[in-house]
Amino acid sequence: MSIWVDNNTKVIVQGITGSAARYHTEQMIKYGTKIVAGVTPGKKGQSVNGVPVFDTVKEAANQTGANTSVIYVPAPYAADAIMEAVDAQLELVVCITEHIPVKDMLMVKAHMSGKKTRLIGPNCPGIITPDQTKIGIMPGHIHVKGNIGIISRSGTLTYEAVSAVTKAGLGQSTAIGIGGDPISGTSFIDVLEAFNEDPLTEAVILIGEIGGDAEEDAAKWIKENMTKPVVAFISGRTAPKGKRMGHAGAIVSGSSGTAESKIEALKAANVEVADKFSELVPKLIKKLNK
Amino acid sequence: MNIHEYQSKEILKEYGVPVLNGLIVFSAEEAKKKAELIKSDIVVVKAQIHAGGRGKAGGVILAKSLDEIVEATDKLIGKPLVTHQTSPEGQIVRKVYIEEGCNIESEFYLSLIVNRKKSCFTFIASPAGGMDIEEVAKTSPEDIIYVDIDPSVGLKAYHVYRIANFLNLDKKALKVILEGVYSCFTDKDISLLEINPLVLTKEAKLVALDAKMGFDDNALYRHPDILEYKDESEEDKEETKAIKHGLAYVKLDGNIGCLVNGAGLAMATMDAIHLAGGAPANFLDVGGSASVEMVSTGFEILLSNPKVVGIFVNIFGGIMKCDTIAEGVVKAANDMDIKVPIVVRLQGANAEIGLEILSKSDINVMLAEDMDDGAEKIVSLVGNKEATNEHLGR
């Protein structure tokens, strides 16, 4: 078991003819992901790594039965690409693209309201269910099938957590990067809810960072609903106020969005928060053995 | 990207928001020549820097004659202004805004922000004008109204009524201001627009007495007019250089430079150095697709900070290959004669090749197992002067 994606997931790559998308399409196919179609407007009839290219998502979905898309479209056109996938009624859209204007994402969110499509990202590494499917840009080889669910706002810290779990002899049920932007499709709570219901997931690693209050909201939800152990790590304790730390969403504005507030909220929800990253998995194992 | 008060007012004026007449000058001589264009018995001379708290810091001076205007301009220009939002050294004032005065009846606070929690825009308004709104939120939260605007619907009459009623202001006059603010906010991809104070004059007119705008960096590509307002003298030179090279850099107060791939990992690396008893000198994310040259430029940028006495390179290779990083480290060491100790942690894609490149080169680096190990190693290396000397680059 896993959440949201498995070996039945049929994937469209939007923006497939771009160089990054070509590379990652190849990597995903190698991993075993069912890439059934690509979309680049005006490039219908071409093929990339043996994958047929269509002009529109609707056409691609109708012809191939795809239920998911992954977006590598450049930022100025990415919001349009997401809305197109939503209108084609795909179940899941994973947007890798970084630097999408906030206003565009607000329009996307308004457009998605009341529709069935789930958006992961933007500005994220994607989602992987080890040994089944990898939808995104994460290095597949560090993952091992297992019982630990991983959620993170940061790409590289997701890989760090995955690698630490694998090294400890455990594995991942599903690992998801929800992205570093201030406006995003999937929240910590959405993922926690799914992991809570997933029979295979035994415990969850949550990796947050400064900016916004998604971790505080997650802590509240965990306190009231979560039946499985959660361990967490929050980055950015030493980040100065008012400075954007790489991610568009990683900024302490005034007194809100601080690491302290997030750590405090998580601890109050009985979540073990590791000060050092190397303590994260040992803390997880301790919780699992209780 | 932030812009100056006078630039924000230019934009607001275009959108029909009332502002006072003013002009920008770069020297006392220029003030002497131009100030009489301001037809007002009393004028205000305001230092233009990208930081708040100018009034309290002495950056806003009242003047009642041409002589006083020139004197005030002379007092401000070319000197650092230290406010609670600047660095301790302050920000050098390069220009001042000379603005006509007005008779203030009462002051209000008005801002429009992107509400990330609710994915909408939110107006924030308060009768407690001219004060720090965070302070008001703490001490008298009942004095603040928050009005959410659905971005797909836009500003409606009832939003105006709610805010006007709360502030006890004339609906028609406030409507002009709210509509102007909302239109320019959405047209120009603004992420924060603050008018503090919004003033009601004794003549019953509403005027934006101060104005602050911050723009969404990711949307600047579609606003060449806004890019014209960019004032590079207000921004950190190295941060600007980093952006040009596709890197994300933020200078900090400590002395251990770090070079990392990924924003989350870069923040975690700073935290790890701090936990190990050291102080990070910077945030530097080389991203997921850095070239050898970008890594080497990263070194150049972080070494431009004279405080740096040691460097920690922390890489978890995914898409970013460790051998590229290793080549970048070697190139930087060869090009720049680095005299501080370097600790390198390479894990993930092509880590073995990267480590081989480092061991074959003649540069002296210490290797680390993981992030925490690396942080402890660099802290112990720079914590001890003798150790630092032993680990000279070459």
Side-chain angles (χ1 to χ4, degrees), chain A residues 20 23-24 75-76 98-107 109-111 125 137-139 141-142 152-160 163-164 180 182-183 207 209-214 217 233 235-240 242-250 254-255 259 275-279, chain B residues 85 114 116-117 119-121 132-134 137-138 150-153 186 189 191-192 216-222 248 250 252-254 260-276 279-280 283 285 287-289 315-320 347-349 370-373 375:
Chain A
Y23 172 75
H24 290 295
E98 189 181 1
H99 300 308
I100 302 179
V102 168
K103 189 173 77 179
D104 296 7
M105 279 312 300
L106 290 174
M107 293 306 170
K109 291 274 281 188
H111 179 72
I137 58 173
M138 63 289 277
H141 65 92
I142 59 172
S152 169
R153 277 169 69 187
S154 146
T156 344
L157 284 180
T158 316
Y159 313 157
E160 288 271 4
S163 163
I183 308 290
I207 298 168
E209 63 190 33
I210 54 163
D213 54 6
D217 291 345
F233 180 82
S235 66
R237 296 167 190 236
T238 52
K243 279 279 185 185
R244 220 167 277 287
M245 307 304 282
H247 284 157
S255 57
D275 289 333
K276 291 184 175 177
F277 202 88
S278 52
E279 289 168 356
Chain B
Q85 286 184 4
V114 172
R116 55 196 281 182
K117 194 185 181 94
S119 294
C120 68
F121 300 122
D132 179 356
I133 196 69
E134 283 228 334
K138 259 186 237 156
D150 179 341
S152 63
V153 175
T186 52
D189 281 284
S191 43
L192 167 81
D216 179 359
D217 292 331
N218 290 339
L220 287 172
Y221 73 88
R222 57 190 177 200
V250 176
L252 306 169
D253 294 334
V260 188
N261 67 323
L265 188 60
M267 280 189 274
T269 304
M270 288 156 42
D271 298 349
I273 289 170
H274 184 75
L275 275 172
F283 166 96
D285 171 15
S289 55
I315 302 297
F316 193 102
I319 303 316
M320 180 79 240
Q347 201 183 324
D370 61 25
M371 171 160 52
D372 292 324
D373 180 45

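Chain naming here is simple, since letters A, B, ... match the order of the sequence lines and numbering starts at 1 in each. What you see below is based on every heavy atom in this structure, not just the backbone, and it leaves out hydrogens, waters and symmetry mates.
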ask   = Most heavy-atom pairs under 4.5 angstrom with chain B, which of A:P76, A:G155, A:A20?
value = A:P76
Heavy-atom contact with chain B under 4.5 Å, split by part of A:I183 = side chain
task = Flag the pair B:H274 / A:R237 as yes when at least one side-chain heavy-atom distance between them is below 4.5 Å, and no otherwise.
result = no
key: Distance in Å, A:F277 CZ paired with B:L265 CG, rounded so as to fall on 0.5 Å steps   = 8.0 Å
ask   = Does the side chain to side chain contact (heavy atoms under 4.5 Å, CB included) test come out yes or no for A:T238 and B:L252, once each step is laid out?
value = CA-CA 9 Å; A:T238 52; B:L252 306 169; 5.6 Å; no
ask   = Non-hydrogen atoms of chain B under 4.5 Å away: do they reach the side chain of A:K276, the backbone, both or neither?
value = both
query = With only heavy atoms counted, which part of A:H111 is less than 4.5 Å from chain B, the side chain, the backbone, both or neither?
reply = neither
key: Contact leader toward chain B among A:A75, A:A248, A:S235, where contacts are heavy-atom pairs under 4.5 Å   = A:S235
key: Greatest number of heavy atom pairs closer than 4.5 Å to chain B - which of A:G246, A:A250, A:A110   = A:G246
note = In this structure, CE of B:M270 is separated from CE of A:M245 (nearest 0.5 Å) by 3.5 Å
inquiry  = Are the side chains of B:F283 and A:P240 in contact, using a 4.5 Å heavy-atom criterion?
reply    = no
task = Counting only heavy atoms closer than 4.5 Å, note whether A:E160 contacts chain B via side chain, backbone, both or neither.
result = both
message = Report which part of B:Q347 has an atom under 4.5 Å of a heavy atom belonging to chain A: side chain, backbone, both, or neither.
response = side chain
query = With respect to chain A, which residue among B:G254, B:A219, B:A266, B:A349 yields the maximal number of heavy-atom pairs within a distance under 4.5 Å?
reply = B:A219
inquiry  = Please classify the contact of B:N261 with chain A as side chain, backbone, both or neither, using a heavy-atom distance under 4.5 Å.
reply    = both
key: CG-CZ distance between A:D104 and B:R222, expressed to the nearest 0.5 angstrom   = 4.0 Å
message = Rounded at 0.5 Å granularity, tell me how far CG in B:N218 sits from CD in A:E98.
response = 7.5 Å
task = List the atom of B:D189, the atom of A:K103, and the distance in Å for their closest heavy-atom pair.
result = OD1-CB, 3.3 Å
task = Tell me, out of A:S152, A:A259, A:S154, A:G242, who's got the most heavy-atom pairs with chain B below 4.5 Å.
result = A:S154
query = Quick one: are B:M320 and A:T156 in side-chain contact, heavy atoms under 4.5 Å?
reply = no
ask   = Relative to chain B, which segment of A:M107 carries a heavy atom at a distance below 4.5 Å: side chain, backbone, both, or neither?
value = side chain
Considering all heavy atoms, the nearest B:M267-A:I210 contact = SD-CG1, 3.7 Å
ask   = Quick one: what part of A:I100 sits under 4.5 Å from any heavy atom of chain B, side chain, backbone, both or neither?
value = backbone
Chain B interface, residue from A:T158, A:L157, A:I142 that has the most non-hydrogen pairs under 4.5 Å = A:L157
ask   = So which heavy atom on B:L275 is nearest to which on A:D275, and how close?
value = CD1-O, 3.2 Å
ask   = Considering only heavy atoms, which portion of A:A164 lies under 4.5 Å from any heavy atom of chain B: side chain, backbone, both, or neither?
value = neither
remark   = Here the pair of heavy atoms bringing A:L106 nearest to B:P151 is CB-CG, 4.0 Å
task = Below 4.5 Å from any heavy atom of chain B, which atoms of A:I137 appear? Answer side chain, backbone, both or neither.
result = both
query = In terms of heavy-atom pairs under 4.5 Å, which option from B:A268, B:G317, B:A248, B:A272 contacts chain A the most?
reply = B:A268
task = Mind checking the OG-CE spacing from B:S119 to A:M105? Nearest 0.5 Å is all I need.
result = 8.0 Å
inquiry  = What part of B:D370 gets within 4.5 angstrom of chain A, counting heavy atoms only: side chain, backbone, both, or neither?
reply    = side chain
